[in-house]
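Worksheet: the structure to be examined is printed underneath.
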Number of protein chains: 2
Amino acid sequence: MTAKAPQAPRPVPTLEDVARLAGVSTATVSRCLNTPDRVVKSTRDRVMSAVDQLGYAPNFGARALAAKRTNTIGAIIPTMENAIFARGLQAFQEELGLHGMTLLVASSSYSEDVEREQIRTLCARGADALLLIGHHRSQGTLDFLEARSVPVLVAWVYDPDKPQPSIGFDNRAAMREMAELVIAKGHRRIGVISAPCDSNDRASERVQGIREAMAAHGLPADAMALHETPYSIENGAAAFRQVMDCPDPPTAVMCGNDVLAVGALRAARQMGLSVPDDVSITGFDDIELAQLVDPPLTTVHVPHRDMGRMAARLLVQQLNGDGPMASTRLDTYLCDRETLGVAPRQRRHIAR
Amino acid sequence: MTAKAPQAPRPVPTLEDVARLAGVSTATVSRCLNTPDRVVKSTRDRVMSAVDQLGYAPNFGARALAAKRTNTIGAIIPTMENAIFARGLQAFQEELGLHGMTLLVASSSYSEDVEREQIRTLCARGADALLLIGHHRSQGTLDFLEARSVPVLVAWVYDPDKPQPSIGFDNRAAMREMAELVIAKGHRRIGVISAPCDSNDRASERVQGIREAMAAHGLPADAMALHETPYSIENGAAAFRQVMDCPDPPTAVMCGNDVLAVGALRAARQMGLSVPDDVSITGFDDIELAQLVDPPLTTVHVPHRDMGRMAARLLVQQLNGDGPMASTRLDTYLCDRETLGVAPRQRRHIAR
DNA sequence: GAGATCAGTGTAAGCGCTTACACGGCATCG
DNA sequence: CGATGCCGTGTAAGCGCTTACACTGATCTC
């Protein structure tokens, strides 16, 4: 019974439709939407009710085209799969929202090429600024960014020496601290499971941190058994089996992040190894999962939420013209839970 | 030493710049980008090298404005926080990518109002179609959608009777099946921890499924202790404590999803209850976490990836003009792992 | 060999919006 | 009371792109 045109392919309403219905010019409608206080209330009310009546929503593309600003910030993270970036991004988005900005997220699958494409896409979509993870990036990409002069903030790392501002933490120092603790517990042969280090500066810095700690304690470089594998629980489990499959297996396995560590933990259980009695395992990130596994994971806590929030603030400031962004360093700390124990007697050595 | 203008605020290159540099018209450049085979190779090469040289990326807004198509599909999910929607969305995105489409994601925080806003935003950004979760939606929103005549596909539910096409599974039947199993194991007092049921048809359907199973077995309605709380591990734990805090606590607690169930599991352990010996716990979704907790969670497996993939296909077909989308039903199945056991003797009753 | 056809390219009209500028009306001021 | 300024609004010029249409030669057809 509703009065409805049978096949009305009613085109989406435009500013002009609203203007006509409200009996004003398009300029006035535009002002009602963007700077309401420059329009007298009576007019504004008329316009707004026309907007509602028509179900009008401004065309974003047209708006961006005319205004040369989108109030949109793009972020490209390596992956959405595991929760590593979720919390930080969530906080980032929340803070952006507070300032009337929108977030556009893309993921690069840890691929440099995909990332370059995503950067182009986000720029094409008019992102006013970009949040990227890590510094590793081809010269071509950097040139592109510079050519378009898009403000870029690099997150999840802190390196004040790079030309681009960054917000994050010192991956190397954080992992070194963990390695110090591992060594202090008596471990001498250390397995390391990391994401592939080339094109991932966070991964390589973390491994480097372990190397430094070992060197500082006079441990030979070959006391470290390094396996690289993409972040996933499955991969972590597989890598753990490989790391342990040798005549003289490590007594502690340090993982480049919690996802790998949880995989290692699971593999250890399946192999009948007790953690931390037979082997110690450490993670990095302190994602929610770290507390849920049994035993709870010893890991490095990263202030993801703070990082996201501050990243948003830096970017917003920059866009408001408050000068360039300054690299900012956040602190991490060790979460010494239950997967790191003192090194077991070196049974095999004794048995020989 | 690099020859670089000192303060060159070089504006971003446009189609026209490319055309000028390549010595052709803007139409030709546009064609090179969109329909390369309609341009002779020699011209095309010239244009493409101009594109590279300038670091040109087409302005998406302008393109959408002129072409009236964005090759973008919008999706609004209730939350990105927990992994419930991640896997399905990932598959959705992958499949869309195969067809040259881009995904734009927004999250509504389970709020109807926020969702309405996000719908407007995505439409404004020119989404060619929308993927929404669940059918519950205000009339105003439905009107808006109809006014703009955006194709909408509803996911995570299956209900062929609704006007809008859906792809998903029968939440009620799936949960009923689980409840049947719980009852078959001898449980008579059943706790239920669900997300708030109003404005969440998946949650309410699942609860309804339990009711049906109980009724079918002659269990009185008050044998079910229902607690509603937003999805989170913490909330699941808190709700579990409440559900169990009564003179005659349930012997099984069925949770509306795995996140709540994991929380319940943790609370149970903290309370010194053994699962499933003292109390059984079930989940829903079969997210990765379900297998990681100890003991592994008995839950309902949902084919998230299939759902995402098929959703993308349906949408792409529709956009290619292959007729309207047909509601599609996917199957779920029980994952009877280790948190569901036979009902313990009803100690309190005996003790009385 | 004249006319039809077609491939490759250019011309130009918008797409829906913002905003500089112009304009009229009204309060303010010396 | 005329000059001044401001406020609320309208006019119209683009923003960067796509695409219908027009045009030009070359190729074909009979």
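Closest to the T26(A) side chain, of the nucleotides dT18(C), dT9(C), dG16(D), is dT18(C). Picking from dG16(D), dT9(D), dT18(D) the nucleotide with the shortest atom distance to the side chain of A67(B) gives dT18(D). Side-chain atoms of Y56(A) lie closest to dC17(C) of the nucleotides dA20(C), dC17(D), dC17(C). The side chain of S25(B) approaches dG10(C) more closely than any other nucleotide in the set dG10(C), dG16(D), dT18(D). For A66(B), the side-chain atoms get nearest to dC17(D) when compared with the rest of dT9(D), dC17(D), dT18(C).
The CG-P distance, from N71(A) to dC17(C), rounds to 16 Å in whole Å. If you measure from atom CG of L15(A) to atom C1' of dG10(D), you get 14 Å, rounded to the nearest angstrom. At whole-Å resolution of the value, CG in L33(A) and C1' in dT18(C) are 11 Å apart. Atom-to-atom, CD of E16(B) to P of dC15(D) comes out at 9 Å; the value is rounded to the nearest Å. Following rounding to the nearest Å, K68(A) (NZ) and dC17(D) (P) show an atom-to-atom distance of 10 Å. Between the CZ atom of R31(A) and the P atom of dT11(D) there is a distance of 11 Å, given to the nearest Å. Atom CZ in R20(B) sits about 11 Å away from atom P in dG16(D), given to the nearest Å. Rounded to an integer number of Å, the gap from NZ of K41(B) to C1' of dA7(C) is 18 Å.
Checking the phosphate oxygens (OP1, OP2) of dC15(D), no side-chain nitrogen or oxygen of N59(B) falls inside 4.0 Å. Within the structure, a side-chain polar atom (N or O) of R63(B) is placed less than 4.0 Å from OP1 or OP2 of dT18(D). A sub-4.0 Å separation between OP1 or OP2 of dC17(C) and a side-chain N or O of S30(A) is absent.
Using a 3.5 Å distance cut-off with no hydrogens or angles, the side chains of T72(A) and R125(B) do pair a donor with an acceptor. Using a 3.5 Å distance cut-off with no hydrogens or angles, the side chains of D159(B) and S166(B) do not pair a donor with an acceptor. For the 3.5 Å distance criterion, the side chains of S138(A) and T141(A) qualify, holding a donor opposite an acceptor.
Backbone-only contact: T28(A) has heavy atoms under 4.0 Å from sugar-phosphate atoms and none from a base. Nucleic acid contact for T14(A): sugar-phosphate only, since backbone atoms but no base atoms lie under 4.0 Å from a heavy atom of the residue.
Salt bridge status for R137(B) with E112(B): absent, with no side-chain N to carboxylate O gap under 4.0 Å. Salt bridge status for R313(B) with E95(B): present, with a side-chain N to carboxylate O gap under 4.0 Å.
Along DNA chain C, the nucleotide nearest to A62(B) and the one nearest to R46(B) differ in position, and the one closer to the 5' end is contacted by R46(B).
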